[in-house]
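This report concerns only the one structure given below.
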Amino acid sequence: MRAENFSGDLHSLFPRLEQAELFRDVPLSSLRFFLDRCAEQRFVAGQVILSPDIHNERMYLVLDGNVSVHLGDSQSAPIAELGPGECMGEMSVFDGKNPSAWVVATTDCQTLVIERDTLWAMINFSHGVARNLLYLLSRRIRSGNLSMVVVQKERDQQQEVANQDGLTGLQNRRWLDALVLRLRGRALEEFAPLSLIMLDVDHFKSFNDRFGHAAGDMVLKTVAQCLRNSVRPQDRVARYGGEEFLVLLPNTPRQAAMQIAERLRARVEAAEAMDGEFALPRVTISLGVVHWTQGCIIEQLVLRADEALYQAKKNGRNCIVEAE
């Protein structure tokens with residue numbers, strides 16, 4: 001839809017223009033020369049006004065109706081709604097680049113079209129217009145920054161959910177794989193003294209076969225709660241897979257790591273899992289403990305802990321084996 005020059009009754013628009021932030025505290029009579037060079041353009045509901053695919057050299061001031069701003073595409077959920085007195089397109093006018101978002105008329109609307117040259121001439125002529133535009137731009141940037149913060153928080157929450165085991169609430173194997181990838185090939189001096197515990201629930205398959213998977217899930221949740229309550233804030237507990245768990249203990253010397261391992265073993269042995277009102281048989285865990293040594297990488301540490309866990313099972317279960 002083409003922009004059309006006003007028919008000469010521009011003065012009738014002054015009450016609406018005076019409500020616009022762009023002209024706050026600016027006598028419109030002083031801008032009559034520039035406003036006469038502007039045009040009127042109407043848009044019907046659903047019409048795209050601005051698009052990242054189309055170069056723009058105009059700023060639009062909404063006189064009547066409403067428009068919506070969209071990222072991604074014009075059909076996505078709007079990130080902002082603009083009404084009478086608000087501007088759009090000014091960023092692309094200033095930086096010469098295509099618009100960064102789609103702007104769509106949500107109702108039939110009327111706009112005042114200010115061409116690039118006219119806008120710059122108005123800015124050079126009126127300190128008030130320049131001041132108001134600076135305020136509008138700073139508010140637009142602040143709003144964009146806030147949107148970025150919200151998006152980042154949502155991403156962080158999604159990442160946290162993706163890295164969390166749905167049953168136990170602990171970190172999951174995905175988190176562990178990402179940790180191993182980050183630490184791959186690196187010696188671990190920055191975390192030293194570092195210890196790692198690998199453990200799993202004794203005879204868990206037999207328990208599942210006898211009491212059912214629902215009871216097995218309850219036992220796993222109980223074990224996870226014991227682990228969570230037995231470590232320090234800086235420690236990390238993850239479900240390695242099935243009934244197997246891993247505990248990472250940064251800045252933890254050998255003696256302290258063995259004490260933590262014994263605390264885990266004892267608390268799980270004493271814990272009582274409930275199936276409704278009925279207590280399930282208690283379970284025990286076997287643990288393999290490994291301590292970082294100079295030059296050892298994360299894959300070696302996990303492998304040694306797993307070997308120590310295997311030895312604990314061979315030793316009769318419900319015990320701790322320290323890797324050599």
Side-chain angles (χ1 to χ4, degrees), residues 1 3-6 9-45 47-52 54 56-71 74 77-150:
M1 190 173 292
E4 299 179 354
N5 291 334
F6 287 106
D9 191 22
L10 180 62
H11 192 272
S12 65
L13 290 177
F14 277 16
R16 282 180 286 176
L17 295 179
E18 287 171 345
Q19 303 303 311
E21 192 66 42
L22 178 65
F23 300 123
R24 181 170 57 89
D25 298 330
V26 178
L28 290 178
S29 57
S30 68
L31 300 176
R32 181 66 189 247
F33 171 77
F34 304 102
L35 294 174
D36 281 338
R37 296 164 59 182
C38 297
E40 175 190 20
Q41 188 164 2
R42 296 178 182 274
F43 297 92
V44 298
Q47 186 174 357
V48 175
I49 302 172
L50 294 172
S51 165
I54 302 175
N56 174 61
E57 294 191 353
R58 296 172 167 182
M59 185 176 78
Y60 297 84
L61 174 64
V62 181
L63 299 174
D64 288 305
N66 295 278
V67 302
S68 54
V69 183
H70 306 256
L71 296 176
S74 60
I79 62 168
E81 301 280 351
L82 305 179
E86 298 190 87
C87 299
M88 51 190 169
E90 70 281 355
M91 296 293 286
S92 56
V93 168
F94 289 138
D95 64 17
K97 298 179 180 179
N98 287 11
S100 58
W102 279 263
V103 179
V104 181
T106 51
T107 65
D108 293 349
C109 61
Q110 178 188 15
T111 66
L112 178 72
V113 181
I114 307 176
E115 299 288 347
R116 176 195 294 270
D117 291 344
T118 301
L119 180 60
W120 278 114
M122 198 181 298
I123 292 169
N124 291 330
F125 176 80
S126 172
H127 294 303
V129 170
R131 177 201 62 220
N132 293 337
L133 265 173
L134 182 61
Y135 172 75
L136 288 170
L137 290 173
S138 63
R139 188 172 65 183
R140 193 67 54 84
I141 292 171
R142 184 180 293 274
S143 175
N145 289 342
L146 180 60
S147 296
M148 290 174 63
V149 169
V150 171

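- When all heavy atoms of Ala101 and Pro52 are compared, the pair lying nearest together is O-CD, 3.6 Å.
- Between the side chain of Arg58 and the backbone N or O of Glu115 there is no donor-acceptor pair closer than 3.5 Å.
- Residues Met88 and Val62 have side chains in contact (heavy-atom distance under 4.5 Å, counting atoms from C-beta outward).
- We find the OG-CD distance between Ser74 and Gln47 to be 12.0 Å, quoted to the nearest 0.5 Å.
- Note: Arg37 CZ to Leu119 CG = 11.0 Å, rounded to the nearest 0.5 Å.
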Criterion side-chain contact (heavy atoms from CB on, under 4.5 Å) on Tyr60 and Leu112, from CA distance to verdict: CA-CA 6 Å; Tyr60 297 84; Leu112 178 72; over 6 Å; no
Run Met59 and Leu133 through side-chain contact (heavy atoms from CB on, under 4.5 Å) and show every step you take. CA-CA 11 Å; Met59 185 176 78; Leu133 265 173; 4.2 Å; yes
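- Taking CD1 from Ile49 and CD1 from Ile54, the interatomic distance works out to 12.0 Å, rounded to the nearest 0.5 Å.
- Trp120 has its ring centre no less than 6.0 Å from the ring centre of Phe125.
- The salt bridge (charged side-chain N to carboxylate O under 4.0 Å, His left out) search around Glu90 returns Arg140, not counting sequence neighbours.
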For residues 13-22, dump all side-chain donor-acceptor pairs below 3.5 Å to protein atoms at least two apart in sequence or in another chain.
{"residue": "Arg16", "atom": "NH1", "partner": "Asp64", "partner atom": "OD2", "Å": "2.3"}
{"residue": "Arg16", "atom": "NH1", "partner": "Gln110", "partner atom": "OE1", "Å": "3.0"}
{"residue": "Glu21", "atom": "OE2", "partner": "Arg24", "partner atom": "NE", "Å": "2.5"}

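- By the side chain to side chain contact (heavy atoms under 4.5 Å, CB included) test, Leu134 is found to be paired with no residue, residues two or more places apart in sequence or in another chain being considered.
- Rounded to the nearest 0.5 angstrom, Ser126 OG and Asn132 CG are separated by 7.5 Å.
- Considering only residues two or more places apart in sequence or on other chains, Asn98 meets the side chain to side chain contact (heavy atoms under 4.5 Å, CB included) condition with His55.
- Closest non-hydrogen pair, Pro84 versus Leu63, comes out as CB-O, 3.6 Å.
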Under the side-chain contact (heavy atoms from CB on, under 4.5 Å) rule, what do Asp108 and Phe43 come out as? Steps first, then yes or no, please. CA-CA 6 Å; Asp108 293 349; Phe43 297 92; over 6 Å; no
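- Among residues two or more places apart in sequence or in another chain, the side chain to side chain donor-acceptor pair (under 3.5 Å) test is passed with Glu81 by none.
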From CA spacing to verdict: side-chain contact (heavy atoms from CB on, under 4.5 Å), Cys38, Val113: CA-CA 6 Å; Cys38 297; Val113 181; over 6 Å; no
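- The OG atom of Ser68 sits 8.5 Å away from atom CG of Leu82, with the distance rounded to the nearest 0.5 Å.
- Heavy-atom minimum distance, Ala105 versus Cys109: CB-SG, 3.9 Å.
- Arg131 meets the salt bridge (charged side-chain N to carboxylate O under 4.0 Å, His left out) test with no other residue; sequence neighbours excluded.
- The closest side-chain heavy-atom distance from Phe23 to Leu28 is below 4.5 Å.
- A distance of 6.0 Å separates CG of Leu31 from CE of Met122, quoted to the nearest 0.5 Å.
- Arg42 has its side chain out of reach of Thr111: every pair of non-hydrogen atoms, C-beta onward, lies at least 4.5 Å apart.
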